[in-house]
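Numbers for residues simply follow the sequence, beginning at 1.
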Amino acid sequence: MLSALMNLLKACWQPSSDQHIHAGSDSVGRQDGLLWYKDAGQHLSGDFSMAVVQANNLLEDQSQIESGPLSTIESGPHGTFVGVYDGHGGPETSRYINDHLFHHLKRFTSEQQSMSADVIRKAYQATEEGFFSLVTKQWPTKPQIASVGSCCLTGVICGSTLYVANVGDSRAVLGRLVKATGEVLAVQLSAEHNASIESVRQELFSLHPDDSQIVVLKHNVWRIKGLIQVSRSIGDVYLKKSEFNREPLYAKFRLREPFRRPILSAEPSVSVHALQPQDQFLIFASDGLWEHLSNQEAVDIVQNHPRSVSS
């Protein structure tokens, strides 16, 4: 598995076959078995590569890179947007995010006439509310959509400022050059929301003081209500609105008692970073990578396998 993950990262930086596909976003990519990837492409802040290992027959994840105006007003701020949407329970939520989040971001940036952490939070909230509306509409004929959700990690580079926002357990890591030694060190930029982290469990207990079973250890894994590891997501409506936690939803998702407040949250953790000349590259990836590689191991792979970029 470790070798496969290392090959996943290396594939972003090496020549590949000529079989073209469309993966995740609309950008043209390539396929090698269950590995989907795109060689070096251009954006306003430099260049990029993308890779996805498809773990299931149905791809539940999405990713996108947008470059250009970050506003519906052409004279507004320009920059680069990257999103990694790690879906679970089905593909509907990650696809919805892929289709709507960036458009909400552009709309709120236009209204505020600048990029900010507040703009990003509003875009996440609008995406969450839009998916709620979709679930409400489809519930009579497709009730299981209430149990579909997605982690959502995004980055926005606007000028020399990087905004990183996250719900769930995906992670953004920066490779930063130490001039004195020539080393490139890993700097984690995002906060994760997974019940395996003690501070996340403490947050849940403080938000739900009347529920001693808000987090339980099940098969040696901490899970919220014994069901899910992430404490924040887009979707997962069955743990946010009690009216969707009932029949005909599958019994395995239904709680014994109705809940009075949302169990999960869609509020992103947002951090703002002033980019420096020594900042070499960024890695945005879901937990499938970070379960097998440390931050520094991933940075070392990128640093030690420079890409062949045609002129």
Side-chain angles (χ1 to χ4, degrees), residues 2 5-15 27 37-51 63-70 77-84 102 105 109 114-121 152-166 168-192 197 268-311:
L2 181 58
L5 288 166
M6 291 180 67
N7 289 335
L8 181 157
L9 276 177
K10 291 177 184 177
C12 295
W13 280 268
Q14 294 181 338
S27 57
Y37 54 97
K38 185 183 187 334
D39 289 336
Q42 297 294 315
H43 63 80
L44 286 177
S45 304
D47 48 64
F48 70 90
S49 295
M50 301 170 68
S63 58
Q64 69 181 129
I65 294 180
E66 309 286 350
S67 194
L70 297 175
H78 283 55
T80 298
F81 172 90
V82 58
V84 173
F102 181 65
L105 186 79
T109 303
S114 65
M115 177 56 61
S116 69
D118 184 55
V119 161
I120 295 172
R121 290 190 180 95
C152 182
L153 170 67
T154 58
V156 180
I157 300 175
C158 189
S160 59
T161 302
L162 167 66
Y163 301 84
V164 177
N166 187 49
D169 54 9
S170 297
R171 186 185 304 170
V173 172
L174 170 73
R176 175 170 290 164
L177 175 66
V178 179
K179 292 184 178 180
T181 63
E183 297 176 284
V184 176
L185 298 182
V187 181
Q188 184 169 327
L189 301 180
S190 59
E192 291 160 45
I197 302 170
S269 295
V270 183
S271 58
V272 184
H273 311 271
L275 293 174
Q276 305 297 326
Q278 62 268 30
D279 296 336
Q280 303 294 293
F281 53 82
L282 292 160
I283 303 171
F284 289 79
S286 66
D287 65 320
L289 178 73
W290 306 116
E291 286 175 356
H292 298 278
L293 293 177
S294 69
N295 294 348
Q296 192 60 52
E297 286 172 333
V299 164
D300 289 344
I301 291 172
V302 175
Q303 177 64 16
N304 295 328
H305 295 84
R307 290 166 296 177
S308 301
V309 182
S310 58
S311 56

Acceptor/donor pairs from residues 177-185 side chains to any protein atom, 3.5 angstrom cut, sequence neighbours excluded:
residue: T181; atom: OG1; partner: E183; partner atom: N; Å: 3.3
residue: T181; atom: OG1; partner: E183; partner atom: OE1; Å: 3.1

Quiz prompt | Note, I301 side chain near L293 side chain (heavy atom, < 4.5 Å) | solution = yes

Practice problem: Determine whether L282 and V82 make a side-chain contact, defined as any pair of heavy atoms from C-beta on separated by less than 4.5 Å. | Solution: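 No. Closest side-chain heavy atoms not under 4.5 Å.
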
Specify the closest pair of heavy atoms between [X] and [Y], including all atoms of both residues, with the distance to one decimal.
| X | Y | result |
| --- | --- | --- |
| I120 | A165 | CG2-CB, 3.5 Å |
| I157 | L70 | O-CD1, 4.2 Å |
| V173 | A186 | CG1-CB, 3.9 Å |
| F281 | Q303 | CE2-OE1, 3.5 Å |
| V270 | A117 | CG1-CB, 3.6 Å |
| E66 | Q64 | OE2-NE2, 2.9 Å |

Side chain to side chain donor-acceptor pair (under 3.5 Å) partners of [X], counting only residues at least two apart:
| X | value |
| --- | --- |
| Q188 | E192, N295 |
| S160 | none |
| T161 | none |
| D279 | R176 |

Quiz prompt | Residue list, ring pair (Phe, Tyr, Trp, His ring centres under 6.0 Å) with F102, at least two apart or on another chain | solution =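 Once residues adjacent in sequence are excluded, the partners of F102 under the ring pair (Phe, Tyr, Trp, His ring centres under 6.0 Å) criterion are F81.
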
Quiz item: Quick one: side chain to side chain contact (heavy atoms under 4.5 Å, CB included) partners of S114, sequence neighbours excluded?
Solution: Q112

Quiz prompt | Partners meeting side chain to side chain contact (heavy atoms under 4.5 Å, CB included) with S190 (sequence neighbours left out) | solution = L153, V164, N166, R171, A172

Quiz prompt | Rounded distance [0.5 Å steps], CG in L275 versus CG in L162 | solution =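 Going from the CG atom of L275 to the CG atom of L162 covers 5.0 Å.
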
Quiz prompt | Separation of Y163 OH from S116 OG (nearest 0.5 Å) | solution = 6.5 Å

Quiz item: Would I65 and F284 satisfy side-chain contact (heavy atoms from CB on, under 4.5 Å), going step by step from the backbone distance to the final call?
Solution: CA-CA 11 Å; I65 294 180; F284 289 79; over 6 Å; no

Self-check item: Pairs flagged by salt bridge (Lys or Arg N to Asp or Glu O under 4.0 Å) wherever residues 154-164 is involved - sequence neighbours left out
Solution: none

